[in-house]
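Taking it in order: structure first as structure tokens, then the write-up.
A, B, ... follow the sequence lines: proteins, then strands. Residue 1 opens every chain.
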2 protein chains.
Amino acid sequence: MEHVARAAGVSRATASRAVTGQGPVSASARDRVLAAARALGYVPDPLARALVAGTGTRLVVAVGGTSAAVLHDPYVARVLAAAAAVGEPAGLGASLVHLPLAGSRVLDGLARDRGVAGLVLVNTTHAVLGALPPRLAGRVASIGTGSAGVAGVDVDTGSGTAAVVEHLLASGRRQVAMVTGPAWLPCTRRAQQGYERAVRAAGLAPRLVPGDFTVAAGEEAVRAVLARWPGTDAVHAVSDAPALGALRALRAAGRRVPDDVAVSGFDDSAAAGLVEPGLTTATHPVEEVAAAAARTALGLAPAPGALFPSVPVLRGSTGARLAG
Amino acid sequence: MEHVARAAGVSRATASRAVTGQGPVSASARDRVLAAARALGYVPDPLARALVAGTGTRLVVAVGGTSAAVLHDPYVARVLAAAAAVGEPAGLGASLVHLPLAGSRVLDGLARDRGVAGLVLVNTTHAVLGALPPRLAGRVASIGTGSAGVAGVDVDTGSGTAAVVEHLLASGRRQVAMVTGPAWLPCTRRAQQGYERAVRAAGLAPRLVPGDFTVAAGEEAVRAVLARWPGTDAVHAVSDAPALGALRALRAAGRRVPDDVAVSGFDDSAAAGLVEPGLTTATHPVEEVAAAAARTALGLAPAPGALFPSVPVLRGSTGARLAG
DNA sequence: TTGTAGGCGTTATCAC
DNA sequence: GTGATAACGCCTACAA
């Protein structure tokens, strides 16, 4: 910038004002500075800017979970990529950290780290929300559950789930079980409530089995379902991975899908359209949700007022004839 | 750090030497500084460090491709996550950018941007390697094709592919076609050569059809294969996505897998184990490869001397009895 | 071995 | 409207 200022015949201060657009600058000076900057190929140093502004240079995506294995989840990778895309224009990178269920050590470290520009919480628990250091205030957004001080950005999982379950019921299923999310994760409650609402509206009783976001959990849950309610004719899972596990376990148990048992999931992951039969699920804009959370954490935009929509995607696993 | 130094009764310079481990410090002074740092919860500011060192704060993952859609590829997301994991301890974030096939504009911008600590190239072309600005020298690593000035980190796709194709041949297949990678991507040549080597060793002629890393390309390629060589009894694809597409297209064409036609892919993606029949493929340590590239770009480690290994994973799509 | 002083590139606060 | 000047937090000659 020294060079730019000299080339334009002004001081560094004026040059700075011209490139940032902040503060008073005469039109002629501004034009000369901008021209010089372009000619010299000047690019402002994000570091120095962040240093003086005290804002940090990276957007941290912190994922709650019982083990660091959650960091390998494809969904988490999508969120990270979306966060990186939001930060890129401003020269901000994205980081990925695991947040143990009961530990504010990581959170404290993040709060002290001056390199942290913003924090996006994934799989947010009340414990995390409660342990959030005050220094982070205003720079945090949560995908899912929010709180008084933390903006929550989320999908209308309740309606999305209810719509999928209603499809199961409309196609004649009467014994519909659900593989729920882990008990420690509050935002999966809404999906569960959507299921319960739909099932009760049809005059049926909910059949809940605990699970999580893994294929293995879906397999195990289905074995539990079949043992407890052998007549089950439909299984809905809190996300696609356990639904795919359910598909496998049902097949292993000799049940035909969708003839004997229908299966549905949630998220419309890449694999949902590839398996045979295709997995009925609900889609929602993962990248958009993550980007909105990232922008909110960075103070680039206010938290969206409404929930992002979730719409059913009907495929063969529930007997639908629509292509996958 | 001011506080830490004062608490330890030394100057800022000594405190700095103690925390960085660089330069001469007496043991007693070092211990006092470290103790004080811990007590005060001191965390060095990565920004200020990078500013004075001129090293940047983010690790950029640049992905070559005909369109920005490559940024949504699950494989790219895995690479980004691995890069983020490598940078995290040093307070470095990761960024994701698209590199058009024929454009050094992006590369030039990256070279000027002082926030860039290192660059990891994915889907590297010779054009990109040739257009690499000298200012980036020593801070770049490529996953796949490298060059004189750019460290290449890669998988032994040749042997991995050959091993999978040999499995096809060993199980009696005689008309084995391959869906190759895009012509502009040099590193997929090695996979193709592995296929050709295996096929020729069996006294057969190669049957090549161009494709890319998408499901749709696999579907289209299979239609071309069946039109040209109706007797085809096996299809190997350059990666899992086109292999899964091949699976679908074969089924749509009324061919049974694996009875009529065997199918194999490469990468061992998440979906490979979930489809029915399971997709035979070759696995390799994507995260390790990406982490090695990231470390190399950051100067944290020299480029690995040998190729990372790729080993076949046999599943039902080639008639293997091993579980998927 | 230690302290002092200078600088990394930028923005913000003042006088002018 | 403009130009010095002081930060931001850290590292590193250089001198002691």
Note to self: Of the listed nucleotides (D:dG3, D:dT2, D:dC8), which one gets closest to any side-chain atom of A:Val10?
What the structure shows: D:dG3
Margin query: Let's see if you can work this out: which of D:dA4, C:dG9, D:dC10 has an atom nearest to the side-chain heavy atoms of A:Ser11?
Written below: D:dA4
Margin query: For nucleotides 11-16 of chain D, give me one character per nucleotide, 5' to 3': B if any protein heavy atom sits under 4.0 Å from the base, S if the only such contacts are to the sugar-phosphate, - if neither.
Written below: BBB---
[N] [atom2] sits how many Å from [X] [atom1], rounded?
| X | N | atom1 | atom2 | answer |
| --- | --- | --- | --- | --- |
| B:Leu47 | C:dT10 | CG | C1' | 12 Å |
| B:Arg6 | D:dC10 | CZ | P | 14 Å |
| B:Asp45 | D:dC10 | CG | P | 6 Å |
| A:Glu2 | D:dA4 | CD | C1' | 13 Å |
| A:Leu40 | C:dG9 | CG | P | 14 Å |
| B:Leu51 | D:dG9 | CG | C1' | 9 Å |

Next item on the list: With DNA chain C as reference, determine whether B:Arg114 or B:Gly9 sits nearer its 5' end, using the nearest nucleotide of each.
Entry: B:Gly9
Note to self: Hydrogens and angles aside, do B:Asp212 and B:Thr214 bring a side-chain donor and acceptor to less than 3.5 Å of each other?
What the structure shows: yes
Do any N or O atoms from the side chain of [X] and from the backbone of [Y] form a donor-acceptor pair under 3.5 angstrom?
| X | Y | result |
| --- | --- | --- |
| B:Ser16 | B:Arg12 | no |
| B:Arg139 | B:Val116 | yes |
| B:Thr14 | B:Val10 | no |

Notebook entry, point to check: Between B:Leu110, B:Leu107, B:Val61, which is the residue that forms a side chain to side chain contact (heavy atoms under 4.5 Å, CB included) with B:Val97?
Noted result: B:Leu110
Check: Base, sugar-phosphate, or nothing for B:Ala29, non-hydrogen atoms under 4.0 angstrom?
Finding: sugar-phosphate
Item checked: Of all pairs that satisfy side chain to side chain donor-acceptor pair (under 3.5 Å), the ones with a partner from residues 111-129 of chain A, not counting sequence neighbours -> A:Arg58-A:Asp113, A:Thr124-A:Ser142
Note to self: I'd like to check the salt bridge (charged side-chain N to carboxylate O under 4.0 Å, His left out) partners of A:Asp154; sequence neighbours left out, ordered by chain and number.
What the structure shows: A:Arg190
Atom pairs and distances, side-chain donor-acceptor, residues 26-54 of chain A, under 3.5 Å, sequence neighbours left out:
unit_1  : atom_1 : unit_2  : atom_2 : d
A:Ser26 : OG     : A:Ala29 : N      : 3.2
A:Arg32 : NH1    : A:Ala8  : O      : 3.0
A:Asp45 : OD1    : A:Leu47 : N      : 2.8

Using distance only, find each side-chain donor-acceptor pair of residues 290-310 of chain A under 3.5 Å and give its atom names and separation, not counting sequence neighbours.
unit_1   : atom_1 : unit_2   : atom_2 : d
A:Thr296 : OG1    : A:Ala292 : O      : 2.8

Checklist line | Angle between terminal axes - the helix from C:dT1-D:dA16 to C:dC16-D:dG1, 5 pairs each end, rounded to 10° | finding: 40°
